There are 2 protein chains.
Amino acid sequence: MNAPLTLRDIARQAGVSLATVDRVLHNRPGVRPDTVRRVKDAMARSAFQPHAAASELARARSRRFAFVMPLGGNPFMQQIQAHLGELANWMAARRLTADVVTTDVFDPAVLAGKLEDLVGRVDGVAVVALDHPSVRAAINDLVESGAKVVTLVSDVPSSRRHHYVGIDNIAAGRTAGALVGRFAGGKTGRVAIMAGSQGLRDHAERIFGFSQVLAAEFRQLEVLPVAEGHDADDRSEHLMRKLLAEHHDIIGLYNVGAGTAGVAKALTESGRAGDIVFVGHDVTALTRKLLLSGVMHAAISQNPGHEARSAVRVLLALARGEPILSEQEAIRIDIVMRDNLP
Amino acid sequence: MNAPLTLRDIARQAGVSLATVDRVLHNRPGVRPDTVRRVKDAMARSAFQPHAAASELARARSRRFAFVMPLGGNPFMQQIQAHLGELANWMAARRLTADVVTTDVFDPAVLAGKLEDLVGRVDGVAVVALDHPSVRAAINDLVESGAKVVTLVSDVPSSRRHHYVGIDNIAAGRTAGALVGRFAGGKTGRVAIMAGSQGLRDHAERIFGFSQVLAAEFRQLEVLPVAEGHDADDRSEHLMRKLLAEHHDIIGLYNVGAGTAGVAKALTESGRAGDIVFVGHDVTALTRKLLLSGVMHAAISQNPGHEARSAVRVLLALARGEPILSEQEAIRIDIVMRDNLP
DNA sequence: TCAAAAATGAGTTGCGTACCTCAAAAATCG
DNA sequence: CGATTTTTGAGGTACGCAACTCATTTTTGA
C-alpha cells in the first residue's frame, strides 16, 4: 500500500542499481532504451516523486535573478518592487537573490543595453519590456546564454522569453468597456479615453478591447478620440479639463494608464464627478480613495503581489526544470469596486 | 559582503559551538540569556536564514492532511477537490498527503463526529465548517491534539482554528449589491434574492451585505423577501418561476448560492433573461455559459484553485512553524463578467 | 570468436540541518 | 571551599539525492 519512498526503492523495484536510476532520472546517456522503460515503469507504478528538499539540497546552488523595471514613480511598479522586498526572507531561505535594475524602459537602446549587461551574469531575468526589435534581440541573447527570461506586465510575444507574467490587456480593455457600458445604464452620450500613449503595447491593446465592446454592445455610447497624457498627472489634467469643457455630453471616462491624479482632479473640479462613469486601472492609495469617495466607479487591476511572487516562482521553476503550475501563475483581471477593495 | 551561509558560520561569528547555535535556533533550554543574545545578534547581523531544503530534509517528516468537504454535487466544492488533485505531485514531492473526507456538513453532529475521528490521526485539517457549538468543540479538540486547523470557504470565527481560507462574505454580498444596483441603471423596480438557506452563515452574510448596499445606495430598488432554494436546482427553479409570475416589475436577481441551473432555467423560460440583471456566485461550466450568453451579468467568485493551494500552503507553513505570507493567502472577491472570464 | 564499445553496478562524497549523546567547562550555591 | 547544577563543546548519525569514479558485465560488430 505505502509507496516506496526513495530512489533506492525504485532501483530495487526495477532490478537495477541506484546509478542507473540516477542516469534515467536525469536523462544521462548510456542506458539501454529497454532499461529506461523498466525504470520509468517502476517510478510510475509507485507514483514516485523525488524528494524536493533532498534534490534541492544536493544541488546546493544559489541562483541570481534580476528584475529590470522602469525608472520613476509609477505606483504600480513600485508596488511590485515592494512585494519583491517582502519576499526577501523566503528567497534567502532558498538561496535566491533578486536584484532590481531600474532603467528607462521607453528607450529601446538603453533597455536592450541593460539586458545585454546581464548576459552570463544571472540565472534568470524578469523584465518589464518594450516590444522593440533590439529588446527582442537582447532577450533572445539572454535565453541563448542559458538564463531564464520572463516578461512582466508588458509582453514581447515574438521573443524567445519563457513565460509572460501579466494580464491579457485586450481582455482588460474589454472588461473596462463592459463596465462603462453597463454602468452608464442605457443613457446616450460620449465616452472619453485617456491613455499614456497609443505607442505602448499594453495601452494600445486596452483601447482596442474597450472600443471593441462599446462598438458591439453599447451603440448609444460614442467614443471620443483618445487623449494621450503620457502617464503624467499635469498633462493628463490639462487634457481632461479641455475634454470636459468641450463636451458636455460625456457620460463615461476610461483612464487607460497612470496619470490618474490629474484626471481625477480635472473631473472633480468640473463638478461632474460621480455622474460621469469613471473606470481606470490599478489599486493604489489614490484609486482606493477615489473608489471610496465615489469619484471612480471601478478599477481594473492586476495584483502586483501576485505578479512579483509569480515571476520569482516561475523563474525558480524554470531554473530547476520543474513544471509550472499554470493555473496558479495565471494573472487574473481583477475588477475592483468600493465594496470588494482588497 | 557575502553573508555567511551556514550555521557553522554563525557559530564561528558568535564564538560558540554548533550545538549552541542549534539550541538557540530551536529555543531549546540550557543556554544563558547572554549567549542567546550573542547568537541571535550574529544571525541578524548577517541576515541569516536556515537553508529551507536542508531543514526540511533533516526533519524528513511526512505529513498527513485531511480535507473535510460536503457530500454531493456542489460544483464549487468539486472544483476545489479537483484542484487538490492537481496538487498531488507537488505534495508528493514534499511528502505530504491530503485525504478528502466527504460528509454531510449540514448536520452538526455528523460533521463533528467526522472531525473527532481525525483527532490524533492527522497533522492538519481543512474543513468546510458549519458554525455550530458541537463543530466548534470538535475543532478545538483537534487544535488541542496538536493538529493545525483551517476553515475553508465557511468560517467558524469563535473556534480556535488557526486560519480561515475564504472570502469576506459580507463584502461579497455588498459587491453583488453594487453590481445589481449599478447595472440596473437607475430604473425603479424590485430585486429578488434566491439563497440556499438563511441558516448558512455565508449565505446569511451575503444577503446582509447585499441588502445593506441596496438600502443605502439604491433606494429605487425594492428587495423582495428571500426565497430559499436549498441549493437545489428543482426547488430553486420552482420558486423562481413563482416569483417571476407574481412580480412583473422584477429588474434584478441575486442568486446567493448554488441551484443556479434551476434559477437560470426559470429565468430563461420567462423570456425576461437579459433584461433582468442577474448576479450570482462562482465560475462553473454553467455560469460561464450563462455569462457568455448574456443571461447572467456577473458572477462573484472566489478562486477554487487558490483556495485549495492556500489551504495546503497554510497547513504546511503552520506545521513547519514557518510564517504565513498573508498577502499571498488572502482570498480575493473576484468579479467575473463575460470579458474577464478566466 | 574476440576486441571494442556500450551498459551497468558499486561505491564515495557532499549538500546543511536536526537531533542526539557524552564529556568538559563554567557558574552557582551552601 | 567543595559539591552541585547549569551551560557549553565536540562529535556523530541521518535525511534523500546529485554527481562523480572506476571496475565489471553485457552487447555489438567485424
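Since the structure is predicted, the reported quantities are computational estimates derived from the model, not experimental observations. Numbers restart at 1 for each chain; the letters A, B, ... are given by sequence-line order, proteins then strands.
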Compile the donor-acceptor pairs under 3.5 Å between side chains in residues 123-138 of chain A and protein atoms, sequence neighbours left out, one pair per line.
| residue | atom | partner | partner atom | Å |
| --- | --- | --- | --- | --- |
| A:D123 | OD2 | A:R64 | N | 2.8 |
| A:D131 | OD2 | A:R201 | NH1 | 2.6 |
| A:H132 | ND1 | A:S134 | N | 3.1 |
| A:H132 | ND1 | A:S134 | OG | 3.0 |
| A:R136 | NE | A:S158 | OG | 2.9 |

Do the side chain of B:R28 and the main chain of B:V24 share a donor and acceptor less than 3.5 angstrom apart?
no
Under 3.5 Å: donor-acceptor pair, side chain of B:Q49, backbone of A:M91:
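Judged by distance alone, no pair lies under 3.5 Å.
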Please determine whether a side-chain nitrogen of the Lys or Arg among A:E56 and A:R320 lies less than 4.0 Å from a carboxylate oxygen of the Asp or Glu.
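A:R320 and A:E56: salt-bridged.
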Flag the pair A:K114 and A:D117 as a salt bridge only when some basic side-chain nitrogen lies within less than 4.0 angstrom of an acidic carboxylate oxygen.
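Answer for the salt bridge query: no.
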What is the distance from [atom1] of [X] to [atom2] of [N], rounded to the nearest Å?
X	N	atom1	atom2	value
A:I10	C:dG9	CD1	P	15 Å
B:R12	C:dG16	CZ	P	12 Å
A:D9	D:dC15	CG	C1'	14 Å

Could you list the donor-acceptor pairs under 3.5 angstrom formed by side chains in residues 33-40 of chain A, with sequence neighbours left out?
| residue | atom | partner | partner atom | Å |
| --- | --- | --- | --- | --- |
| A:R38 | NE | A:A14 | O | 3.4 |
| A:R38 | NH2 | A:A14 | O | 3.0 |

Contact under 4.0 Å: A:S17 side-chain N or O vs C:dA10 OP1/OP2
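No, A:S17 has no side-chain N/O under 4.0 Å of OP1/OP2 on C:dA10.
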Going by the rule salt bridge (Lys or Arg N to Asp or Glu O under 4.0 Å), which residues pair with B:E327 if we only count those two or more places apart in sequence or in a different chain?
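Once residues adjacent in sequence are excluded, the partners of B:E327 under the salt bridge (Lys or Arg N to Asp or Glu O under 4.0 Å) criterion are A:R309.
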Tell me every residue that passes salt bridge (Lys or Arg N to Asp or Glu O under 4.0 Å) with A:E116, counting only those two or more places apart in sequence or in another chain.
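Salt bridge (Lys or Arg N to Asp or Glu O under 4.0 Å) list for A:E116, sorted by chain: empty.
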Writing each nucleotide of DNA chain D 5' to 3' as (, ), [, ], | or . by Watson-Crick or G-U pairing under 3.5 Å yields ||||||||||||||||||||||||||||||
Which letters describe nucleotides 17-29 of chain C, given B = protein heavy atom under 4.0 Å from base, S = only from sugar-phosphate, - = neither?
BSB-------S--
